[in-house]
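Data block below; observations after.
Since we're looking at a predicted model, the values are computed, not measured. Within every chain, numbering begins at 1; the chains are lettered A, B, ... in the order of the sequence lines, protein sequences first and strands thereafter.
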2 protein chains.
Amino acid sequence: MEEIRDTNSQDQTAPARRVRISDLATALGLTKSTVSRALNDYADIAPDTRERVRTMAAQMGYAPMPYAQAVRTGRVRALGLVLELDAPDRYGPFLADFLGGITQEASLEGWTLTIASSTSRADMEATLARLLQEHKVDGFILPRTRIHDPRALFLRAKGVPFVLYGRVGYGQPDPGLSWYDVDGRGAMRDGVARLVALGHKRIAFVGPCEAYNFAMLRRDGYRDGLALAQIAHDPALEIMGVSDRAEGAAAARALLDLPDPPTAIVYATDATALGAYDVARERGLTIGRDLSLIAYDGIPEGRMIEPPLTTFAVDSRHAGERLAALLIAQLRGAPVADLTELVSAQLQPGGSDGPPVFTKRET
Amino acid sequence: MEEIRDTNSQDQTAPARRVRISDLATALGLTKSTVSRALNDYADIAPDTRERVRTMAAQMGYAPMPYAQAVRTGRVRALGLVLELDAPDRYGPFLADFLGGITQEASLEGWTLTIASSTSRADMEATLARLLQEHKVDGFILPRTRIHDPRALFLRAKGVPFVLYGRVGYGQPDPGLSWYDVDGRGAMRDGVARLVALGHKRIAFVGPCEAYNFAMLRRDGYRDGLALAQIAHDPALEIMGVSDRAEGAAAARALLDLPDPPTAIVYATDATALGAYDVARERGLTIGRDLSLIAYDGIPEGRMIEPPLTTFAVDSRHAGERLAALLIAQLRGAPVADLTELVSAQLQPGGSDGPPVFTKRET
DNA sequence: CGTAAAGCCGAAACCGGTTTCGGACGCGAT
DNA sequence: ATCGCGTCCGAAACCGGTTTCGGCTTTACG
């Protein structure tokens, strides 16, 4: 152990003597300006000099101090993320994966993630402004986009780079933005198609607050699915504004109490779909037989419950990775217009969907 | 809207012309060195000069650039947190609260939070070293302490300030460390006492992997409770190494299959206690009557399930706040020995505990 | 009234880099 | 041999602060 750490033990004895660019310069017999330009790929440096500097830097373990660079360049190589603490669903269990994805990708490129939080929507802008004013970050990742997102407007007005998790401007997409999104619309369409294939004809939809962009998209996907199956859209079977398990249960009750109840419900989120399990237990219904469910998100509880929830799973870690990559690319000067990615959710079959049983009247 | 933003719109026209310390100095008719010392509470500045500088700084909206300061001071006013992505329980739903607590408290003091992640234990030290080497953080918050925590050793050897969420060194507490912890031992003791008061005499315990410090402490709390009630400790009723719901269920089965099964189980974590609900459903037992449960954590699922889980809830947000405060205090030079906090978990009564029914033999 | 000790501020170096500018040198063409 | 041009590197300014040092005023005191 002692021998292995020999090179380090010099640091121990001479504690924290980190190698600076001037050390490198004297070791090479160059000036620090030349070394700096060699490391930053300036054109006026001879190729073999550049190489000499590179190898010596690696050998001596030189690493520039980001903040010393920042004094001149104004860039700190840090990504910013502001969590909304007042959000209804608190990010659920995805946050760890999401953060893991961002930080892993960022560290690969030598960037870090700085996070802050806001307790209210008004607070949000102040928090963004503070991080900016202190130059703690170079750009932002904005999760949970709304249809009209004030954060995006605010940052764009300031000329600060950012990337969105989810699109904004439902119906009229904004070309000047960079985003990553999961195709919730396609997933909902496929979900309806799957239920139709099983024989369902009355299929309901339960979605969240309409202010969120994804809510509208998923609802549209549901309608797409109906249209593709040539099933008429019944407004009574579409309930919006549902954001947690209890409200999901209430929605299920309301739907089952209709004169002509649905045999299947597509939920826009897993968390709300769990409410249907509660209602099924209340009424003695068997999920997957008396009532079929398909949802979206892929939360762990969905796999634990009996029968497991059929859902379209979102890969939060991948989302984090790609968002970080997109933002870094943007900060490096890539044109914003090219920086969009749409991926599809992955179907995770459970036991919550099956062929319908027609207890009341047949169609 | 336009009028309200009038003061900001000046920034719009003269974009990003931030006020530097030299601007302040010329406006005041002082030199920047004097201004700097006035703002940093140096003793050799006249009180009224200090005040004059303060008010002018506020008026002109001066805010120092942290990284410019850092070049000289070596402090970036950033807290570091490294998430372990390979942890068994993925932080569950607490992460958002925890992060919220840290960032809220940190931003109050003008600090920010930088996070990174490690995919393995070996990776962890490399990640810590990288953040340190790049001077991205001044100190660390270390969650999930183990009995022998390599991170603590590593950072202490480097002389880097840090604070632990949870204590280390079970049995032989280390005086040179700063930590915040929730008294899991006391909670488990009280949990046993509560069950004893209800009439239980055979009380089991299910705990997680013994490498974690909190696992040992909670187990000790269970034993404390038995001792206080003068109940002999039966090793057969104590199962360790249980970390998720399925394993919690397996433990419950094992306990119920004993020749003299327990009437109550104390689980060290809510997540594992949920497994007992599954077993109860399998065997037609009623939780809270045929089998009583008390657990620890306060996860949301525990409140949703029927009957709600009686548990000792941990306030993750408060933990984050206090950890940030402790670390900042330490970074400001407070003696490490004083920086420890032990809070008690709050009992959250549910319906999972009740008087025992003696189906087999009476005692 | 003289002098030493505070009190208070300015000048300049410094932190670790980046960037601009200009000059030395080598080379081919005239 | 001279000129011109391109290549390559050094010198020095710069970024936005902090900190050391020294000197000029006051004040306290003998």
Original post:
Could you state the CD1-P distance from Ile45(B) to dG7(C), rounded to the nearest angstrom?
Top reply: 13 Å
**OP:** Go through dG17(C), dT20(C), dC8(D) for me and flag the one nearest to the Ala46(A) side chain.
**Re:** dC8(D)
Subject >> Leu28(B) CG to dG10(C) C1', straight-line distance once rounded to whole Å >> reply: 15 Å
Subject >> Separation of dC9(C) C1' from Leu39(B) CG (nearest whole Å) >> reply: 15 Å
Original post:
What integer distance in Å separates His135(B):NE2 from dG17(D):P?
Top reply: 20 Å
Subject >> Closest to the Arg72(B) side chain, choosing from dT18(C), dT18(D), dC9(C) >> reply: dT18(D)
Original post:
Taking for each residue the nucleotide of DNA chain D bearing the nearest heavy atom, is the 5' side occupied by Val71(B) or by Ser33(B)?
Top reply: Val71(B)
Original post:
Would you say the side chain of Asp44(A) and the base of dC9(D) hold a donor-acceptor pair, judged only by whether the two atoms sit under 3.5 Å apart?
Top reply: yes
**OP:** Assign the ring pair His135(B) / Tyr67(A) to parallel, tilted or perpendicular, where the plane angle (0 to 90°) is split at 30° and 60°.
**Re:** perpendicular
**OP:** Look at the side chain of Lys32(A) and decide which nucleotide, out of dC8(C), dG16(C), dC9(D), has an atom nearest to it.
**Re:** dG16(C)
**OP:** Would you kindly give the OH-to-C1' distance between Tyr42(B) and dC21(D), to the nearest whole Å?
**Re:** 13 Å
Original post:
Which one, dT18(D), dG10(C), dC9(D), comes nearest to the side chain of Thr31(B)?
Top reply: dG10(C)
Subject >> Residue-phosphate contact under 4.0 Å: Tyr67(B) side-chain N/O, dG16(D) OP1/OP2 >> reply: no
**OP:** Counting heavy atoms from C-beta on, name the nucleotide in dG16(C), dC8(C), dA11(C) closest to the side chain of Arg20(A).
**Re:** dG16(C)
**OP:** Answer with yes or no whether the side chains of Lys136(A) and Thr114(A) bring together a donor and an acceptor at under 3.5 Å.
**Re:** no
Original post:
Between atom CD1 in Ile21(A) and atom P in dG10(D), what is the gap in whole Å?
Top reply: 13 Å
**OP:** Side-chain contact test, heavy atoms from C-beta onward, threshold under 4.5 Å: evaluate it for Thr103(A) versus Thr127(B) and give yes or no.
**Re:** no
Subject >> Contact check, side chains of Trp179(A) and Leu342(A), non-hydrogen atoms, under 4.5 Å >> reply: yes
**OP:** Look at the side chain of Arg37(B) against the base of dG17(D) and say whether a donor-acceptor pair falls under 3.5 Å; ignore hydrogens and angles.
**Re:** no
Subject >> Qualifying residue for side chain to side chain donor-acceptor pair (under 3.5 Å) with Tyr180(B), from His318(B), Arg322(B), Glu341(B) >> reply: His318(B)
Original post:
Closer to the 5' end of DNA chain C via nearest nucleotide, is it Thr49(B) or Ser36(A)?
Top reply: Thr49(B)
Original post:
Does Ala68(B) or Thr34(B) map to a spot on DNA chain C nearer the 5' end, using the closest nucleotide for each?
Top reply: Thr34(B)
Original post:
Within this structure, what is the CE-to-P distance between Met65(B) and dC14(D), rounded to whole angstrom?
Top reply: 17 Å
**OP:** Specify the separation, in whole Å, of atom CG of Leu24(A) and atom P of dT18(C).
**Re:** 11 Å
